[in-house]
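Report on the structure given below.
In each ligand, atom 1 is the first atom listed, and ligand 1 is the first ligand listed.
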Amino acid sequence: MALVLAPRVSDSARARAWIVEARAIVVFSGAGLSAESGIPTFREAQTGWWARFDPERLASPRGWEDDAALVWAWYVSRMARVREAMPNAGHRALAHTAYAGKLSLVTQNVDDLHERAGCRDVVHLHGELFAHRCSACGKGHADVALPSSRAVPERLEPPGCTQCGGRIRPGVVWFGENLPATAWERAAAMTAACDLMLVVGTSGVVQPAARLPVLAKRHGARIIEVNPQASALTDLADLHIAATAATALPILLDA
Ligand code: BV8
Ligand code: ZN
């Protein structure tokens, strides 16, 4: 079970006051937000068969070219895991927050837990796990039949595109690929316009996403970080809530 740390009362009070008085809040979330839903974070050691592989290698065009069946099996096992997971109290607090009118979501995560908690209009900087598309003609293939359980083989040939026969790939942004232009432009515009950014569950090492909190600060926004550990963004934060997302967010966002 993930460590549960309660935020210090004084920090929570200050953070809650900033949230109430904020005009426009952007939440910038990373894999740590989904940790308490049982989804391993990106830099957590992989387990089982996947412990042999470097996620950054698997999540790359080179990895796909080298062994598409290995990469497709890895994504199918991750999809099965996300399907079995539930949004946690952190996702729900973000979705149900009374500040819904002034809170918008930018995520690095490829899972659909924000949406399944009830969040609308989430900006996915790194794509979406279930938005498969043809690697040749780009046709969307959200309807790909997937094995229902975690008993996914170690290698699985990617399905063929019904339109052109090309290999269907995961709808995520791999290392070495550009972020979707519309997602980046929307995220940058929301960031420039916010006066408070909640940075939740990210190590802040993946670029250019990790530039967004810097951009927010440059535009005069306050930064609150929710992370049980320090991250590459902690020095930038005006307030670091050393607690887990599922513990801290309900306290900070409770109307
Ligand atoms: C690009 C989809 C241009 C795939 C992902 C300098 C400048 C620009 C680029 C680079 C650069 N240096 C290197 C690069 C290249 C690279 C990069 O940033 N590499 C890193 C490793 C240094 N960037 C790219 O390639 C990007 N594209 O730059 O395009 C270009 C074009 C051509 C050639 C070159 C450049 C594309 C990056 C997108 C990669 N795709 N995901 C997939 O998922 O399979 S990123 C991947 O990492 C996930 O999406 C994940 O969300 C993301 C970031 O990681 P985090 O979310 O922060 O997760 P992490 O595990 O690291 O940390 C978890 C945190 O949670 C920890 O701090 C932990 O303490 C905390 N935590 C744990 N439990 C909890 C918690 N917090 C709260 N509550 C808890 N319970
Ligand atoms: Zn095709």
message: Using side-chain heavy atoms (C-beta onward) and a distance below 4.5 Å, is Leu94 in contact with Leu253?
response: yes
- prompt: Does the side chain of His124 come under 3.5 Å of the side chain of Glu115 through a donor N or O and an acceptor N or O?
  reply: yes
Stepwise side chain to side chain contact (heavy atoms under 4.5 Å, CB included) test for His240 and Val226: CA-CA 6 Å; His240 175 216; Val226 174; over 6 Å; no
- prompt: Can an N or O of Tyr75 be found at a distance shorter than 3.5 Å from an N or O of ligand 1?
  reply: yes
- line: Taking only non-hydrogen atoms of Gln229 and a 4.0 Å limit, the atoms of ligand 1 in range are 69 (O)
task: Give the C-alpha distance, both sets of side-chain angles, the deciding distance and a yes or no for side chain to side chain contact (heavy atoms under 4.5 Å, CB included) between Val26 and Leu198.
output: CA-CA 6 Å; Val26 166; Leu198 265 179; over 6 Å; no
- prompt: Quick check: does any side chain N or O of Lys139 sit under 3.5 Å from a backbone N or O of Cys164, one acting as donor and the other as acceptor?
  reply: no
query: Does the pair Arg116 and Asp111 meet the rule for a side chain to side chain contact (heavy atoms under 4.5 Å, CB included), with working shown?
result: CA-CA 10 Å; Arg116 285 166 52 197; Asp111 64 49; over 6 Å; no
message: Using a plain distance cutoff, I'd like to know if Thr244 has any nitrogen or oxygen under 3.5 Å from a nitrogen or oxygen of ligand 1.
response: no
task: With side chain to side chain contact (heavy atoms under 4.5 Å, CB included) as the test, would you mind laying out the steps for Glu154 and Leu70 before giving the verdict?
output: CA-CA 6 Å; Glu154 293 161 357; Leu70 177 76; 5.7 Å; no
message: I need the atoms of ligand 1 closer than 4.0 Å to a non-hydrogen atom of Gly30, numbered in the order shown.
response: 56 (O)
message: Suppose I only count heavy atoms of Glu56 and a 4.0 Å limit; which atoms of ligand 1 are within that range?
response: 21 (C)
message: Using a 4.0 Å heavy-atom cut-off, which part of Thr202 comes near ligand 1: side chain, backbone, both, or neither?
response: both
- request: Decide yes or no on side chain to side chain donor-acceptor pair (under 3.5 Å) for His114 and Ser29, but give the supporting numbers first.
  value: CA-CA 10 Å; His114 276 306; Ser29 64; 2.9 Å; yes
- prompt: Looking only at non-hydrogen atoms, which of Glu36, Gln207, His124 approaches atom 7 (C) of ligand 1 most closely?
  reply: Gln207
task: Kindly indicate whether the side chain of Val152, heavy atoms from C-beta on, has any atom under 4.5 Å from the side chain of Met79.
output: no
- prompt: Taking heavy atoms and a distance under 4.0 Å, where does Ala35 meet ligand 1: side chain, backbone, both or neither?
  reply: side chain
Option set Ala209, Ala246, Gly201, criterion heavy-atom distance to atom 76 (N) of ligand 1, minimum: Gly201
field: Region of Arg78 that comes within reach of ligand 1 [heavy atoms, distance under 4.0 Å]
entry: side chain
task: Pull out every atom of ligand 1 sitting under 4.0 Å from any heavy atom of Trp174, numbered as shown with elements.
output: 36 (C)
query: Would a distance-only check, ignoring hydrogens and angles, find a side-chain to backbone donor-acceptor pair under 3.5 Å from Lys217 to Ala237?
result: no
For Gly176, atoms of ligand 1 separated by under 4.0 Å from a heavy atom: 24 (C), 25 (O), 31 (C), 32 (C), 33 (C)
query: Within a radius below 2.8 Å of the Zn ion (ligand 2), how many protein N, O or S atoms are present?
result: 4
query: Is the NZ or CZ atom of Arg169 both under 6.0 Å from the centre of the six-membered ring of Trp174 and within 45° of that ring's axis?
result: yes
message: Heavy atoms only, cut-off 4.0 Å: how does Val200 contact ligand 1, side chain, backbone, both, or neither?
response: neither
- prompt: So, is Ala245 polar-close to ligand 1, with some N/O to N/O distance under 3.5 Å?
  reply: yes
query: Would you say the side chains of Ser37 and Ser34 form a donor-acceptor pair under 3.5 Å?
result: no
task: Out of Asn227, Thr234, Thr41, indicate the one that has the non-hydrogen atom closest to atom 66 (C) of ligand 1.
output: Asn227
- prompt: Of all the atoms in ligand 1, which lie at a distance below 4.0 Å from a heavy atom belonging to Ala59?
  reply: 44 (O)
field: Test item: His126 side-chain N/O and Gln108 main-chain N/O as donor-acceptor pair under 3.5 Å
entry: yes
task: Using a strict 4.0 Å cut-off to heavy atoms of Asn109, name the atoms of ligand 1 that fall inside it.
output: 51 (O)
- line: Atoms of ligand 1 under 4.0 Å from any heavy atom of Glu177, numbered from 1 in the order shown, are 1 (C), 26 (C), 27 (N), 29 (O), 36 (C)
query: How would you list, by chain and number, every residue that makes a side-chain contact (heavy atoms from CB on, under 4.5 Å) with Ala193, sequence neighbours excluded?
result: none
task: Locate the shortest heavy-atom distance separating Trp72 from Val144; write the atom from each residue and the value.
output: CZ2-CG1, 4.0 Å
